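The structure appears below as C-alpha cells.
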Amino acid sequence: MILNIVGYGSAVLKKVAEPIDKDYPNLQELIDDMFETMYNADGVGLAAPQINLSIQLLTIGFRPYDEDTDTFGEKIERVMINPEIIEEKGEKILFNEGCLSVPGIHEDVSRPESVVVKYLDRNFEEHTEELTGMLARVAQHEIDHLMGKVFVDRLSNIRKTLLKRKLGDVAAGRMRTHYRMRYSTKK
Ligand code: NI
C-alpha cells in the first residue's frame with residue numbers, strides 16, 4: 001500500500017523517533033509499504049517519521065550509478081531498525097541531497113564519506129556495517145530523520161535564509177509532487 005508522505009514543517013519530522021522491538025504491530029507489512037511508497041515516489045530512502053510514524057525504522061533502496069561506464073549496478077536495499085552511527089570515517093564531502101518531504105529543493109550537504117552503523121534488520125538480526133558511497137550518504141540522511149532533523153537543517157544560515165521563501169512554500173503544501181503528500185498544521 002502506498003502511504004502519504006509527510007511534508008517539511010510537520011511536527012513529526014522534528015521529533016526524535018522511538019526505538020521499536022519485535023512486537024511492533026504489523027511490522028513486516030509496514031516495511032513492505034515503506035518500500036512501495038519510496039519507490040513510487042522515486043526515492044532512494046525513507047524514514048518512518050516521513051509516513052507520520054515516530055519510530056526508528058528506515059528503508060533504503062537504489063541502483064548505484066557508475067560514472068565511468070554510465071550504467072547502473074545491482075540494486076542495494078537495506079532495512080534499518082534502531083540504527084546508530086558508531087563511527088565516522090574519512091573526509092567530510094559535499095553531495096547534492098534532496099528529500100521526499102522537501103520537494104523542489106536540492107542542496108549540497110557536507111557529511112563524512114563513510115560511517116559504521118549498528119542496526120537491526122527486518123528479522124531483528126544485529127549488523128555492524130561500514131557504509132561508503134551512496135549507501136553511506138542515504139543512511140546518514142535517513143538516520144537524521146530519526147533524530148528529528150531534515151537535510152536543510154544542516155545548511156549554513158546564509159543558505160537557509162536564501163531558501164526561506166521556498167521552504168515556506170513547501171511547508172504550506174504549495175509544491176507539486178507526483179506522489180501523495182500530507183501536511184499537518186501542528187507545529
Ligand atoms: Ni529525507
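Keep in mind that what you see is a predicted model, and the values were worked out from it rather than measured. Just so you know, ligand 1 is whichever comes first in the structure, and atom 1 is the first atom listed for that ligand.
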Going by the rule side chain to side chain donor-acceptor pair (under 3.5 Å), which residues pair with R180 if we only count those two or more places apart in sequence or in a different chain?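 If we apply the side chain to side chain donor-acceptor pair (under 3.5 Å) test to R180, skipping adjacent residues, the hits are N4.
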Counterpart residues, side chain to side chain donor-acceptor pair (under 3.5 Å), relative to T71 (two or more places apart):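 T71 satisfies side chain to side chain donor-acceptor pair (under 3.5 Å) with T69 only.
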Positive for side chain to side chain donor-acceptor pair (under 3.5 Å) with E97, one of H106, Q140, R111: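 When side chain to side chain donor-acceptor pair (under 3.5 Å) is applied between E97 and each of H106, Q140, R111, only R111 qualifies.
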Please list, one pair per line, the donor and acceptor atoms closer than 3.5 Å that link side chains of residues 44-58 to other protein atoms, with sequence neighbours excluded.
unit_1	atom_1	unit_2	atom_2	d
Q50	OE1	A47	N	2.9
Q50	NE2	S101	OG	3.0
Q56	NE2	A17	O	3.0

Ignoring hydrogens and geometry, is there a side-chain-to-backbone donor-acceptor pair from D70 to E67 under 3.5 Å?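 Flag not set: sc D70 to bb E67 has no pair under 3.5 Å.
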Tell me whether the rings of Y65 and F72 are parallel (<30°), tilted (30 to 60°) or perpendicular (>60°).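 Rings of Y65 and F72: tilted, 30 to 60°.
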Can you list the protein N, O or S atoms less than 2.8 Å from the Ni ion (ligand 1)?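 For the Ni ion (ligand 1), the protein N, O and S atoms that sit under 2.8 Å away are C99 SG, H141 NE2, H145 NE2.
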